[in-house]
Amino acid sequence: MTDFTMQKGDDGVAVITWDVPGKSMNVLSMDGAETLDRLIDEALADDSVKGIVITSGKDDFAGGMDLNVIAGMKEAGGAQGVFDGVMALHRILRKIERAGMDPKTLRGGKPIAAALPGTALGIGLELPLATHRIFAADNPKAKIGLPEIMVGIFPGSGGTTRLTRKLGAMMAAPFLLEGKLSDPKAAKAAGLIDEVVEDPLAAAKAWVLQAKDDLVKPWDVKGFKMPGGAPFHPAGFMTFVGASAMVHGKTLGVYPAAKALLSAVYEGALVDFDTALRIEARWFTNVLMNPSSGNMIRSLFINKTALEKGANRPDVPDEKVRRVGILGAGMMGAGIAYVSALADIEVVLIDARQEAADKGKAYSAGLLDKGISRRKVTEEKKTEVLGRILATTDYAALAGCDLIVEAVFEDPAVKAEVTRKAEAVIPQDAIFATNTSTLPIGELAKASARPEQFIGIHFFSPVDKMMLVEIIRGARTGQRAVAKALDFVRQIRKTPIVVNDARFFYANRCIIPYINEGIRLVAEGVNPTLIENAAKMMGMPLGPLQLVDETSIDLGVKIAKATKAAMGDDYPDGAVDDVLFWMADQGRLGKKADAGFYAYQDGKRQGIWDGLKAQYPRAADQPELTEVQHRLMFVQALEAVRALEDGVLTDIREGDVGAILGWGFAPWTGGPFGWLDMLGAARAVEIADHLAATYGPRFAVPALLREMADKGESFYGRFGSHGKKAA
Ligand code: NAD
């Protein structure tokens, strides 16, 4: 069985069908590419073949390149291996594009069309772009585009060069630089594809049989001019100046892929098409050899996928959720109800008052209405999803629920009461999960008659947008509960990590020190703009002060008070609390109050609030940018290492994926462990030792990291490609 097969019809059309055995989605491997190459040769050489159609045997066309193969090319052959691999692909696609034409007259080629039944991403669009006409099924669920930039690379199989020449740099920018995906109709409107039809295979066959002179691509015709202007054209000049500024504004220089992409486009636009492809391949190799892209592919694709597929699921039978009971229909409960109902799960949404339960259900209606206005959701779908949510105050409705997710107030007494009330009704074997963000699972489990069936399923806000779910295993939590939580997360299409029970679990444990370090810097008189920019220039999506404004300062105060009460004299964050409590006293509770570390106008964030300067005057000597960056990054990364040392994390893959998806840890690094590996343990220890000596024991080097520095080890080297702590 091969990835591509060819069938030659009596009508003179050779249909090449892409259908990778054993996979639900086609991805391109080097073997697959070689087969395709051979079939194209055969079809071009066969006089009985008048035209060729490339299609898929699956519902979708293709999901892209097999990123494991790209990672493998790099490991096996280094830069030369990557470059040679990419050039081999260019040759195949160029052969399709020229289709046997006479190189001088450009005549005599055989028409080749692509017929896309559904989604076509990455190489799944780059291959069609090399054909002469692209037909897509009228399938609004299909996604068409080049999302490579999202995992730290860029379209390197001609997509960059072809799309720029097809649409012009300006019009191609959202697809190349932002990885924008479109449904077929929008893709046609944008010029990515040619036709949206009922039956793309039939339409493509009909087209190849009548096509004659319209095979030569504009860029192969003498005198071709780039749409929108090449770099030295006045309009092109403006485009490239603007694009450089935009890329730098968005990436602040930390994402190598965006800059390399722009270089490939700029340099490619100055030369002929084949030279441009070589330039694209060079820049692609350059990006792939940058540790950032390797780390991003590893965390955001390979390991994220592995975790979603249940890499850490205990070996117990299927625990798919059929009916979930959600206790508390507030902000979190309402969001959890929505994502569950969307995943075909029956939902019982309980609150203390009927109005509150109804309000929770109305949240789903609101999101679905938004979907309808954007034409992503139909009225029928809305009715169907809302029909799955029963909003009630009646605990008896929980009978038959195989999973409970509790999301009532963060108060142990209230949680204990609802746990008992629910357990009185639910089946004996139901799993009970709490969405607490701060209370230890072991403590809450004391209210349960079945602690081995009690677990933490910690969502992030807003639930419909945030992809990470942290599953927390209490000391007595059993394997079935873990499996159920993982199966639930898979059903609602989110990414799980499984951690052990400890204060703040994993994500909040690392994010709170980041916010606190930002606030400490304010207390020290460091310019808040320097603090915020230092974080963003390291690739953090939000500076610490913006982040605390977004999550609200009163929540910070609440957490600080609870932590202090729990830790007593060991509590280390007095300096932070001075600022935080003062802000709360001023009524500056963050974005929701239109007043926080930032000033706001009608909900819109302005500059840093002027009043901060009066209370915390700026120090005459401001620290170096790098010093501030080291403080903000190390305070998170060292905490991640401690979480691993303490056994809260048991798998560094989860530590890295969880950090990026949970709190936006600089994605270009591939996560805190990937970042420390990039720095090297020895250099990391040197920096942390300096920080600890200067700023205090919160930067103390964990023994594990020091040992790794002594032995010259890296995290992924030590814990293996599977990331497990215990090898
Ligand atoms: P919320 O105040 O918006 O909602 C809590 C809901 O629980 C309210 O609707 C309330 O009426 C209901 N409730 C209270 N007592 C009840 C009872 N006895 N029976 C039934 N319903 C009852 O709070 P939230 O932000 O949705 O947080 C809920 C839980 O999720 C908390 O444990 C919180 O720590 C956790 N959490 C919150 C976030 C966040 O960002 N807000 C993130 C992760 C986890």
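Bear in mind the structure is a predicted one, so any value in this text is a computation, not a measurement. First listed ligand is number 1; within each ligand, the first listed atom is number 1.
- Donor-acceptor pairing under 3.5 Å is recorded for the side chains of D554 and S552.
- Listed by number with element, the atoms of ligand 1 under 4.0 Å from a non-hydrogen atom of Y395 are 19 (N), 20 (C).
- Residue V408 holds the heavy atom nearest to atom 29 (C) of ligand 1 of all those in V463, V408, T436, N508.
- Distances from ligand 1 to the non-hydrogen atoms of K415 include at least one value under 4.0 Å.
- Nearest to atom 2 (O) of ligand 1 among the protein's heavy atoms is F409 CE2, 3.5 Å.
- Between K361 and D351, no side-chain nitrogen of the basic residue sits less than 4.0 Å from a carboxylate oxygen of the acidic one, so the salt-bridge criterion is not met.
- Among the atoms of E417, none of the N or O lies under 3.5 angstrom from an N or O of ligand 1.
- The nearest heavy-atom contact from the protein to atom 20 (C) of ligand 1 is A352 N, 3.3 Å.
- At a heavy-atom cutoff of 4.0 Å, ligand 1 is contacted by both the backbone and the side chain of N435.
- In the model, R473 has a side-chain atom that pairs as donor or acceptor with a side-chain atom of N500 under 3.5 Å.
- Residue-to-ligand polar distances place S437 within reach of ligand 1: an N/O pair is separated by less than 3.5 Å.
- At least one N or O atom of E410, backbone or side chain, sits closer than 3.5 Å to an N or O atom of ligand 1.
- Ring orientation note: the planes of F432 and F454 are close to parallel, at an angle under 30° on the 30°/60° scale.
- Proximity of atom 23 (O) of ligand 1 to the protein is not indicated, since no non-hydrogen protein atom lies closer than 4.0 angstrom.
- With respect to the salt-bridge test (charged N to carboxylate O, under 4.0 angstrom), the residues D573 and R520 qualify.
- Using a 4.5 Å cut-off on side-chain heavy atoms (C-beta onward), M633 and F665 make contact.
- Under a 4.0 Å criterion applied to the non-hydrogen atoms of H458, ligand 1 contributes the atoms 43 (C), 44 (C).
- With a 4.5 Å cut-off on side-chain heavy atoms, Y695 and V635 do not count as touching.
- Summary of contacts: the protein heavy atom closest to atom 40 (O) of ligand 1 is S461 CB, 3.3 Å.
- Here is the list of ligand 1 atoms found below 4.0 Å of a heavy atom in D351: 6 (C), 7 (O), 8 (C), 9 (O), 10 (C), 11 (O), 12 (C), 13 (N), 20 (C), 21 (N), 22 (C).
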Note to self: I'd like to know whether R480 forms a salt bridge (Lys or Arg N to Asp or Glu O under 4.0 Å) with E319, so could you lay out the CA-CA distance, the side-chain angles of the two residues, the decisive distance to 0.1 Å, and finally the verdict.
What the structure shows: CA-CA 8 Å; R480 245 198 75 230; E319 285 289 346; 2.7 Å; yes
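- The existence of a salt bridge linking R642 and E645 is excluded, since no basic side-chain nitrogen approaches an acidic carboxylate oxygen closer than 4.0 Å.
- Note on K494 versus E308: no salt bridge recorded, every NZ/NE/NH1/NH2 to OD/OE distance being 4.0 Å or above.
- Looking only at protein heavy atoms, the nearest one to atom 4 (O) of ligand 1 is G330 CA, 3.2 Å.
- Under a 4.0 Å heavy-atom criterion, F459 is in contact with ligand 1.
- For atom 25 (O) of ligand 1, the closest heavy atom belonging to the protein is M332 CG, 3.8 Å.
- With rounding to the nearest 0.5 angstrom, the OG1 atom of T477 is 9.0 Å from the CD1 atom of I431.
- Residue contact annotation: V414 has a non-hydrogen atom under 4.0 Å from ligand 1.
- Residues passing the side chain to side chain donor-acceptor pair (under 3.5 Å) test with E406 are K415, T434, sequence neighbours excluded.
- Close approach of ligand 1 to V418 (heavy-atom distance below 4.0 Å) involves ligand atoms 17 (C), 18 (N), 19 (N).
- The single protein non-hydrogen atom nearest to atom 5 (C) of ligand 1 is A407 O, 3.6 Å, given as residue, atom name and distance.
- Considering backbone and side-chain atoms together, M331 places an N or O closer than 3.5 Å to an N or O of ligand 1.
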